[in-house]
Structures are given as C-alpha cells and as structure tokens.
Amino acid sequence: MVEMIYAGKAKQMWSTEDPEILRVVYLDQATALNGKKKDQIKGKGQINNEISSLIFTYLNQQKIPTHFIKRLSTTEELVKKVEIIPLEMVTRNLSAGHFASRYGVKEGIRFIQPVEETYYKSDELDDPFINESQIAALNLVSSKDLLTMWQISRRVNELLSELFLQINLQLVDYKLEFGRLSDGTVILADEFSPDNCRLWDLQTNRHMDKDVYRRDLGELTPVYEEVLHRLQTVLNKEEQ
Ligand code: TMP
C-alpha cells in the first residue's frame, strides 16, 4: 500500500510499489527559527524541486553517491530509500548566520579552510551542536561512516563552489544530510536548494537564499527563480 511515511516542514515522503524507492513531494511552505516562523509561499516547492534535481543530477554525474533517482513532476522526485542519519553536516566557506552571531564577528570573512560543524537533528532539542565524541557517545554513526560523510561533504563543496562561481554566486555555507541504504552504504540524501545553503551574488553580495525570508528582505520566489535560471545556463536541462 502506498502511504505517506514522513511529513516534514518543506517536504513529504511517500512509499512506492518498490520498497527501496520513495517519492518526495516538495511543499509550498517556508519555515525559519525551527518552525516558529511559517508561511505558505506559492511556487516554492516547484522551484526547490527544480533546483535540487538539477544539483543532484550534477552530483550523480560527478560520481557523488546520492539518493536521487529522477525528477518525476514539477513538485515530485524519486529517491532511493535510506534511513536518515540524525546529523546535520554544515560547511562554511565564509562567516555568516550563526557563526557570525555566535562568535561576534562580521559576516563575509572568507575562511582559509572551510569550517565544519555537526548538529544533532532533533526538533524537540532545537538541533543542538554536537562534536565527534558526543556523536560516538550517543552511537549516532561510526567514526568510519562520519569520515565518509565529511569526505563527501568536502567534495560537494569543491564541486558546488566552482559551479556557483560560474553563475556569479558565492557558496557561503550549506547543510547536508546523509542516509544509509539497506546494505549499510552511506549516501547523500535530503535536498540542495537555497533553503539549506547561503548564496551571495558575487558582484553585489545580495542574499539569494532563505535569508531573504528569515530576515524579511523581500519576496522569496523571484530570488529562488533567479538562482534556478542561472543554474539552467550551466546545467543542461535535457540531462535530468
Ligand atoms: P546557520 O548559520 O544558521 O548555522 O546555518 C548554516 C547553514 O546551514 C545555512 O546555509 C543554513 C543551513 N541550515 C539548514 O539548512 N538547516 C538548519 O536547521 C540549520 C541550523 C542550518
């Protein structure tokens, strides 16, 4: 029986006839402050599905192991079923957001080496910061799998920083999530869209990501559409 197996803030996951494959539905919902700010934004689900599908197709072509199979419709995609590892893997190339506020520095400082942070995925606990020994103590993932996750994250950073530079965007920071296939293999999961990364226009430093919504800087959909249009100029739509 086909049923909804997960309802998130911006996506739903549905089972399919194939037990190893899930259908993702992108919703027209934006949230910030861990769900405390919430709005319906018409067209957002479609744009994020298009952006994430383009990026995951590109990552698959670059031999990054991901859950993405294909885009199914304007708001749906097919993905490999994984058990999500409850960690948010954040990489920062420039200071922004919580890094800037937590350490009292201005935004826009480029780091000599990317900053890597892990957060424990838990809405009730507000996704607290977690370090490697705490991850081991809670038995969330083996140190070998954690290393694999960081190795994939670093390669994603190289590939996407270069890709976004081609379209005049700086990849400031981003969050990745990983999951395990039934045979235990760790692969990249979730999505990659302006909801879970920061993108600044190279010339103007304009925010072209969810900070537009978080900080009430204007309308979100035209900004996300602009990111999509720029991506389409470098990633071949036919290859989806
Ligand atoms: P932060 O500056 O708020 O810690 O966010 C760093 C990056 O991670 C930013 O690109 C947004 C992304 N992120 C998420 O996608 N989900 C989250 O729950 C958090 C905390 C950050």
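One-based numbering, in listed order, for ligands and for the atoms of each.
Proximity to R198 (heavy-atom distance under 4.0 Å) selects the following atoms of ligand 1: 1 (P), 2 (O), 3 (O), 5 (O), 6 (C), 9 (C), 10 (O). Proximity to D127 (heavy-atom distance under 4.0 Å) selects the following atoms of ligand 1: 18 (O). Near R214, with a cut-off below 4.0 Å to any heavy atom, the atoms of ligand 1 are 11 (C). Counting atoms of ligand 1 from 1 in the listed order, those under 4.0 Å from a heavy atom of G97 are 2 (O).
With respect to D39 and K44, no salt bridge is recorded, no charged nitrogen being found less than 4.0 Å from a carboxylate O. The pair E177-K11 does not meet the salt-bridge criterion, since no charged nitrogen lies less than 4.0 angstrom from a carboxylate oxygen. Contact check on E226 versus R230 returns a salt bridge, with a Lys/Arg side-chain nitrogen under 4.0 Å from an Asp/Glu carboxylate oxygen.
For atom 7 (C) of ligand 1, the closest non-hydrogen atom of the protein is D173 OD1, 3.6 Å.
Side-chain contact between L160 and Y174: absent, with no pair of heavy atoms (C-beta onward) separated by less than 4.5 Å.
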Hey, can you pull the donor-acceptor pairs under 3.5 Å for the side chains in residues 179-188, sequence neighbours left out?
unit_1, atom_1, unit_2, atom_2, d
R180, NH1, D145, OD2, 2.8
S182, OG, E20, OE1, 3.4
D183, OD1, T185, N, 2.9
D183, OD1, T185, OG1, 2.6
D183, OD2, T185, OG1, 3.2

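Aromatic pair F111/F99: ring centres closer than 6.0 Å.
Here the options are N48, D209, D195, the test is side chain to side chain donor-acceptor pair (under 3.5 Å), and the partner is Y224; only D195 passes.
The residue M89 has no part lying near ligand 1, judged by heavy-atom distances below 4.0 Å. At a heavy-atom distance under 4.0 Å, only side-chain atoms of E88, from C-beta outward, approach ligand 1.
Geometrically, ligand 1 and R92 share a nitrogen or oxygen pair separated by less than 3.5 Å.
Counting all heavy atoms, side chain and backbone alike, L22 lies closest to S15 at CD2-CA, 3.8 Å.
In this structure, R102 has no heavy atom closer than 4.0 Å to ligand 1.
Closest heavy-atom approach to atom 1 (P) of ligand 1 among the candidates K175, K121, H98, K210: H98.
Put simply, atom 21 (C) of ligand 1 has no protein non-hydrogen atoms near it, under 4.0 Å away.
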